[in-house]
Amino acid sequence: MGESRRKQSSGQYSNRSKSGESLSPHKKTLIGIANGIIIIAALTALFMMNDKADMDYPDLAQVQAGDTPEDFDVNNQPVLGDLNAPIQIVEFSDYKCPYCKIWTEEVFPKLKTEYIDTGKANFVYVDMAFLAPDSVLAALAGETLYQMNPEYFWKYHELMTERQGDKDKQWATYSFITNLVKEEMPEVPLEQFKSDLKSEKYIKNVKRDLDIADKQGVNGTPTIFVNGVKFEDPTFETLKAFIDENAK
């Protein structure tokens with residue numbers, strides 16, 4: 001399936017000529033085109049300035065999250081299924097990881113149907129925002145929605161996976177995320193979400209998850225743990241064989 005690995009990582013135009021003579025239609029056309037180019041250039045510069053402001057991402061290097069839990073800090077993570085189920089499946093994931101998208105769309109539904117929905121297992125999601133600056137913002141948005149309502153998180157998780165952009169481009173911007181929530185999640189109190197996201201209210205939670213990943217020896221995404229056993233190439237067949245053996 002693959003895995004995203006962590007790196008050890010001045011004048012103005014006039015309608016008159018200098019001699020005071022009227023300009024020919026041809027010259028007027030050229031001047032009109034030139035003025036149009038100037039306007040387009042100005043709008044482009046304005047757009048780029050706004051886009052640059054939009055790309056002011058949180059810096060986890062400046063965040064202190066306190067002591068790192070020894071376990072996965074399950075009580076503070078999004079969970080699907082029965083917490084008392086005998087099998088615990090934990091995923092470390094980055095919203096920009098293309099292999100996470102494949103795993104979520106191809107492997108996870110099978111696990112959900114066979115084990116989570118039947119009460120045999122629960123599923124815990126842990127952010128590992130390491131691929132790019134906008135990975136951190138995407139994780140922070142998910143954490144913010146989770147704190148507002150866990151159901152918001154799972155819908156956001158599905159939408160972000162479905163609409164994942166190019167890993168090498170900064171697509172998970174503030175405007176992308178807030179527009180996504182506005183258009184696809186009308187149940188979310190948008191102004192509260194935007195305010196909490198901009199203030200980085202839950203940034204320590206995102207940093208704590210990354211610290212947990214470090215403590216658990218996670219070097220790439222997706223990494224899956226089943227009852228504490230780590231799988232770095234988590235196909236459905238591999239996980240199923242392990243779960244069935246240990247559920248006996």
Side-chain angles (χ1 to χ4, degrees), residues 1-7 9 57-58 60 65 68-69 71-74 76-81 87-112 115-116 121-147 150-168 170-172 176-177 180 202-203 205-236 238-239:
M1 179 183 299
E3 182 181 33
S4 292
R5 303 300 298 179
R6 190 171 190 176
K7 294 181 179 180
S9 131
Y57 301 113
L60 289 184
T68 306
D71 56 11
F72 302 114
D73 197 25
V74 172
N76 293 305
Q77 309 290 6
V79 178
L80 286 177
I87 300 294
Q88 180 187 76
I89 303 169
V90 180
E91 178 194 7
F92 285 83
S93 185
D94 187 310
Y95 283 108
K96 295 196 67 179
C97 166
Y99 303 113
C100 296
K101 176 179 172 69
I102 294 171
W103 190 87
T104 299
E105 293 179 342
E106 297 184 4
V107 179
F108 175 72
K110 298 176 184 177
L111 291 173
K112 185 174 184 297
Y115 299 106
I116 300 168
N122 59 57
F123 174 74
V124 182
Y125 181 89
V126 185
D127 284 303
M128 185 176 168
F130 77 104
L131 285 173
D134 50 329
S135 294
V136 180
L137 186 60
L140 178 59
E143 181 67 36
T144 301
L145 289 165
Y146 169 70
Q147 295 293 335
E151 292 184 5
Y152 295 165
F153 170 81
W154 291 111
K155 186 169 182 180
Y156 170 82
H157 177 65
E158 180 181 354
L159 289 167
M160 287 291 283
T161 301
E162 176 187 313
R163 304 191 186 185
Q164 185 186 89
D166 189 329
K167 178 176 69 71
D168 298 321
Q170 293 185 347
W171 58 268
F176 175 88
I177 291 169
L180 182 71
Y202 300 107
I203 192 64
N205 301 43
V206 178
K207 180 59 162 56
R208 185 178 63 238
D209 282 358
L210 195 60
D211 292 343
I212 292 171
D214 286 339
K215 196 160 193 172
Q216 296 294 332
V218 179
N219 295 311
T221 53
T223 293
I224 307 298
F225 287 80
V226 180
N227 284 4
V229 178
K230 182 167 66 173
F231 294 85
E232 294 182 334
D233 188 17
T235 64
F236 175 71
T238 301
L239 296 176

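- One N or O on the side chain of Asp134 and one on the backbone of Trp171 form a donor-acceptor pair closer than 3.5 Å.
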Legend entry - Chi angles and distances behind the side-chain contact (heavy atoms from CB on, under 4.5 Å) call for Asp73, Thr68: CA-CA 9 Å; Asp73 197 25; Thr68 306; over 6 Å; no
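- Considering every non-hydrogen atom in both Gly217 and Lys230, the closest pair reads O-NZ, 2.8 Å.
- Taking the six-membered ring for Trp and thresholds of 30 and 60 degrees, Phe92 and Phe225 have ring planes more than 60 degrees apart, a perpendicular arrangement.
- Note: Tyr202 and Tyr146 fail the aromatic proximity criterion, with ring centroids not under 6.0 Å apart.
- Annotation for Lys112: atom NZ does not count as buried by contact number, only 12 or fewer foreign heavy atoms lying within 6.0 Å.
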Legend entry - Trace of the side-chain contact (heavy atoms from CB on, under 4.5 Å) decision for Lys155 with Leu145: CA-CA 10 Å; Lys155 186 169 182 180; Leu145 289 165; over 6 Å; no
Legend entry - Ile102/Val107 under side-chain contact (heavy atoms from CB on, under 4.5 Å): CA gap, chis, key distance, verdict: CA-CA 8 Å; Ile102 294 171; Val107 179; over 6 Å; no
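- Counting non-hydrogen atoms of other residues, nucleotides and ligands closer than 6.0 Å to CD of Glu151 gives a total of 12 or fewer.
- Listed for the Trp103 side chain is a donor-acceptor partner under 3.5 Å among the backbone atoms of Pro234.
- Lys215 contributes atom NZ, which lies 9.5 Å from atom CG of Asp71 (distance to the nearest 0.5 angstrom).
- Annotation: the span from Lys101 atom NZ to Met160 atom CE amounts to 11.0 Å, rounded to 0.5 Å.
- The side-chain heavy atoms of Trp154 and Leu80, taken from C-beta on, include a pair separated by under 4.5 Å.
- At distances below 3.5 Å, at least one donor-acceptor pair connects side-chain atoms of Lys96 with backbone N or O atoms of Lys167.
- In summary, the side chains of Thr221 and Asp94 do not present any donor paired with an acceptor at a separation below 3.5 Å, with no hydrogens or angles considered.
- Proximity of Val74 to Gln88: side-chain heavy atoms (C-beta onward) are separated by under 4.5 Å at one or more points.
- Distance check, rounded to the nearest 0.5 Å: CD of Glu162 to OG1 of Thr104 gives 12.5 Å.
- The shortest distance between side-chain heavy atoms of Tyr57 and Leu140 does not fall below 4.5 Å.
- The two atoms that bring Ala138 and Ile177 nearest to each other are CA-CD1, 3.9 Å, heavy atoms only.
- The structure places CD1 of Ile87 at 9.0 Å from OH of Tyr115, a figure rounded to the nearest 0.5 Å.
- Between Ile212 and Val218, every side-chain heavy-atom pair lies at or beyond the 4.5 Å cut-off.
- With values rounded to the nearest 0.5 angstrom, Gln164 atom CD is found 7.5 Å from Cys100 atom SG.
- Residues Asn76 and Asn205 have side chains not in contact (no heavy-atom distance under 4.5 Å, counting atoms from C-beta outward).
- Across all non-hydrogen atoms, the minimal contact from Ile116 to Gly81 is CG2-CA, 3.9 Å.
- Under 3.5 Å, the side chains of Glu232 and Asn219 contain no donor-acceptor pair of N or O atoms.
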Legend entry - Stepwise side-chain contact (heavy atoms from CB on, under 4.5 Å) check, Thr223 with Met128: CA-CA 10 Å; Thr223 293; Met128 185 176 168; 5.9 Å; no
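- Judged purely by atom type and a 3.5 angstrom limit, Asp127 has no side-chain atom pairing as donor or acceptor with the backbone of Ala129.
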Legend entry - Full working for ring pair (Phe, Tyr, Trp, His ring centres under 6.0 Å) between Tyr125 and Phe153: CA-CA 10 Å; Tyr125 181 89; Phe153 170 81; 5.5 Å; yes
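- In this structure, CD in Gln170 is found 10.0 Å from CG in Leu137, a value given to the nearest 0.5 Å.
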